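Chain naming here is simple, since letters A, B, ... match the order of the sequence lines and numbering starts at 1 in each. This is a predicted model, so every value here is computed, not measured.
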Amino acid sequence: MSDWGRIKVALLILLLFSQAAFLWGCGIKSGLAPDSESENGIESEPGTKAGSETKILAPVKLNYTVTNPLSVEEHREEDGNNFDYGYVTVSGLRDEAVQQKINDRIKEVYDGLRVQDLPPYRGIRVLVPEGSHMESERINANVTGNFNHILSIMFYKEASYLPSGLGGLSGSIDYGLLQYVSEMETLNFDLNTGEEFELAELFCDNVAPAELLSDWMSAFLARQQADEEQYYPGSYWGDIKLAESFKGVGENQKFCVYPYGIALVFDYLTPQLDTGRRAAAPVASFGDLGETLAVSERFFRENGAERIFTSDKPPVKALVVRNFRMGEQKSQGGEEHYQEGSVSIDRSWQYPPSLPEKLRLELERMTAADQKTVRELRRIWDNAEMTESAEDVRGFYEIRGESDEAGNYINLSRNSQGYTLDRFLYDTECRCYDKDTLAELGLADIFAEGYDYKPVILKAIQEQVSWKENDTSGRSKEQIAEDIFRSIRGFNLEENGLRLPAVDPGDGIEQHGMSLSIPYDDFGCENLKIFH
Amino acid sequence: MVWERRMKRCVFAVTALLLAGVFSGCVQGGGEGGAKQNEKISLHLDAADYPRVDGSTVTIPLSEAFAAAVMGKDIEEARQHIIHNKTHEAYINLIDGKADIIFVTSPSEEEFAYAEQKGVTLVVTPIVSEGFVFLTGAENPVKGLSLEQIRKIYTGEITDWSEVGGRHKGITAYQRPENSGSQTGMLDLVMDGYNLMPAPTEKVVAEMGMLVDAVAAYANGEEAIGYSYYYYVTDMWQNEKVGLLAVDGVYPDKKTISDGSYPIRTAYYAVIRGDEPDDSNARRLLDWILSEQGQRIAEEAGYVRLGKN
């Protein structure tokens with residue numbers, strides 16, 4: 001081909017690319033396409049890229065993820081002092097070439113961070129002028145998401161500098177003079193191919209990700225009062241300030257994936273936001289993004305024939321937690337403080353705004369002071385024959401109620417503790433509801449028909465109370481476990497396992513609450529209806 | 001990785017130029033907030049000679065655009081030499097001699113008092129105009145209010161949009177946190193001694209996970225009214241969903257704010273110490289900012305050039 005021919009081809013490719021970029025930037029209307037009728041997208045091949053003929057259409061329900069059976073090995077290089085570096089490699093993929101490609105890319109980014117000069121934040125040449133000493137530096141690589149054939153890695157690099165003439169490594173340091181700089185790099189791999197995927201590929205084909213995320217970010221910045229200089233209650237991400245009006249999330253937005261959401265990284269590449277000289281990564285939860293995500297479909301088909309991992313073990317699954325407890329999460333609730341006789345009662349309850357009214361009322365009822373406990377606290381005090389005035393506060397009773405969502409389930413929980421003199425009274429109660437019907441679930445409801453879950457719970461109890469081998473009541477370990485099993489007061493479904501509150505009745509008045517956490521994998525995810 | 005991202009940005013820059021060529025048939029020179037290509041800037045200072053600047057967060061891009069033009073650097077490089085420590089700290093740094101010129105909102109009583117205590121005279125010069133604007137949902141048929149109606153809404157005297165020509169719908173009059181820049185602007189520029197009614201509040205998660213009541217953040221909708229500075233709503237995301245309200249019949253835009261016809265105006269200022277020598281680089285920079293060239297660069301950076309106000 002002649003030079004001119006090559007130029008024409010290059011220009012044509014450039015033009016096509018620019019048109020695609022233009023159309024991506026414009027986006028289609030957010031929300032769902034009018035003809036999208038599918039309950040859960042449509043058939044798609046694993047590894048299908050956005051824009052191919054096979055489309056994944058919203059709404060797609062994302063209730064759980066399937067963990068990739070990869071081994072992650074951390075490699076550290078450190079001087080035992082202020083310089084500490086680490087990266088990871090992964091193993092467990094059948095295709096060694098793909099695995100090598102991923103590990104090479106991880107190492108490449110790590111090596112780049114090792115040699116990289118100061119990141120070009122605003123003001124950095126003022127605070128870290130030429131001749132400054134680097135006092136510390138560390139790099140960590142964290143696997144943030146490892147599910148549904150997605151591998152997401154975030155590198156966090158932080159360095160501190162001391163301007164020249166202000167001491168240094170060999171002398172004493174005024175730590176107040178140190179200037180800290182941080183940055184983040186992210187990698188997001190499709191484990192089928194080892195290729196990095198784009199942010200848009202996490203979303204269904206009939207949603208406009210740029211628009212959706214810009215809307216989310218816009219609301220987030222409003223909640224943070226990001227156009228004001230000061231920090232306010234609720235400004236959990238108070239270090240993200242607007243230097244100009246927010247014009248939307250850009251096409252090169254850095255991101256990484258968690259099992260519960262997508263983190264958007266803001267740093268020197270996004271100067272419309274002033275983050276100081278640090279990278280910030282607020283997380284848009286999957287709950288916030290609605291049923292627009294293709295993470296359960298894009299790279300993965302649960303019952304597909306493809307086997308990309310060397311492990312033959314049954315898959316381990318996790319529920320998607322929608323209202324994860326991050327500081328910026330808006331929440332609802334109430335509180336009450338009052339006194340009954342000599343007992344000060346302090347009760348509060350918190351829940352996500354999406355909690356149905358019926359369960360809000362139930363949560364409020366759950367956090368009511370238990371009169372039996374109040375009477376017991378007063379009795380203990382009265383029997384102590386103390387001489388102080390009965391009007392004085394001599395007992396405290398704190399009750400906390402919370403709610404969150406995991407998968408298609410809603411959890412309510414209540415934790416309380418009462419204390420007076422040297423006595424403590426603990427109590428925990430959990431309840432779990434089906435999100436669609438709001439019916440309360442019993443333990444048997446979450447397991448497959450005919451599956452006997454009790455032995456697994458008994459085993460977990462025995463492990464947790466193994467220190468009770470010398471139980472003075474003369475009960476056997478098996479009997480103790482049975483007693484505790486019978487005391488279980490409901491359950492919550494958490495991200496990776498079942499939470500069961502219990503007590504040992506054998507402890508008598510000294511009984512302490514215990515919270516059993518049993519991984520779903522211990523039961524076998526195939527035996528849990530919540531993953532069907 | 002960084003290099004790769006920069007390359008991607010270059011590609012996007014090229015494609016943007018190509019698209020511009022395809023769709024408009026012309027290419028406008030000049031960079032982001034900087035001077036036009038090949039334009040001779042009438043003031044040149046190297047990074048080492050550039051005055052020590054400080055300022056408010058809202059003037060960061062302004063300051064960076066000035067520095068880029070005067071230093072002859074691209075904006076990404078110039079940005080690294082500019083630091084703004086927020087309004088109050090900037091005033092303190094100027095008064096304490098740690099900064100030579102600051103780009104800020106107007107000084108508070110506290111800052112004036114500190115200057116007086118230190119024996120420093122502050123020379124406060126407006127460098128760009130600013131408007132204080134009111135927002136509502138774009139679907140709201142009310143497109144304008146009088147200043148008096150706004151005051152009555154915020155004192156709680158007017159509670160329904162139908163009282164000001166809109167549909168029968170209660171007004172949610174959002175405010176901003178106490179002592180914030182926008183709330184101070186509301187009190188000083190709009191309320192003129194009238195008392196604001198209590199602000200709508202919402203629960204937020206604060207330290208230790210506790211719920212506290214906080215001033216509710218503006219949530220767009222037909223029932224909503226809120227306020228901000230024009231700079232922050234220019235070209236912002238979702239502009240098609242948010243409507244700016246005309247005040248006393250004048251719609252806020254760069255022209256009406258600059259020429260003084262929009263009634264609620266303020267400015268951003270350059271402040272130097274009174275004892276700054278006549279030929280100092282800080283004074284030379286200030287003179288240049290007030291020149292036609294400086295004003296044009298401010299405008300290109302998204303601010304409103306000085307007008308009659």
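In this structure, B/Glu299 and B/Lys254 have side chains that are in contact, with non-hydrogen atoms separated by less than 4.5 Å. Side-chain contact check for B/Thr59 versus B/Tyr269: every heavy-atom pair is 4.5 Å or farther apart.
Heavy atoms of A/Leu127 lying under 4.5 Å from chain B belong exclusively to its side chain. Residue A/Ser218 touches chain B through its side chain alone, counting heavy-atom pairs closer than 4.5 Å. Only the backbone of B/Ile82 comes within less than 4.5 Å of a heavy atom in chain A; its side chain stays farther off. Both the backbone and the side chain of A/Asp227 come within less than 4.5 Å of a heavy atom in chain B. Proximity to chain B (any heavy atom under 4.5 Å) is restricted, for A/Tyr121, to the backbone atoms N, CA, C and O. Both the backbone and the side chain of B/Tyr231 come within contact range of chain A, judged by heavy atoms closer than 4.5 Å.
No close placement of the A/Phe189 and A/Phe197 rings is indicated, their centers lying 6.0 Å or farther apart. For B/Tyr268 and B/Phe103, the ring centers sit 6.0 Å or farther from each other.
For the set B/Glu77, B/His88, B/Met236, B/Glu178, the entry with the most heavy-atom pairs within less than 4.5 Å of chain A is B/Met236. Comparing B/His81, B/Arg176, B/His84 by heavy-atom pairs within less than 4.5 Å of chain A, the highest count is held by B/Arg176. Ranked by heavy-atom pairs under 4.5 Å with chain A, the first of B/Gln238, B/Arg52, B/Gln80 is B/Gln80. The greatest number of non-hydrogen atom pairs below 4.5 Å with chain A, out of B/Ser182, B/Ala219, B/Pro177, B/Gly181, is found for B/Pro177.
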Go through A/Asp239 and A/Arg278 one step at a time and tell me if the salt bridge (Lys or Arg N to Asp or Glu O under 4.0 Å) criterion holds. CA-CA 9 Å; A/Asp239 49 354; A/Arg278 290 177 176 274; over 6 Å; no

Please evaluate residues A/Glu335 and A/Arg347 with respect to the criterion salt bridge (Lys or Arg N to Asp or Glu O under 4.0 Å), reporting the C-alpha separation (whole Å), side-chain torsions for both, the decisive distance (0.1 Å), and the verdict. CA-CA 6 Å; A/Glu335 57 187 14; A/Arg347 60 186 284 253; over 6 Å; no

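Taking 4.0 Å as the cut-off between side-chain N and carboxylate O, B/Lys86 and A/Glu229 do not count as a salt-bridged pair.
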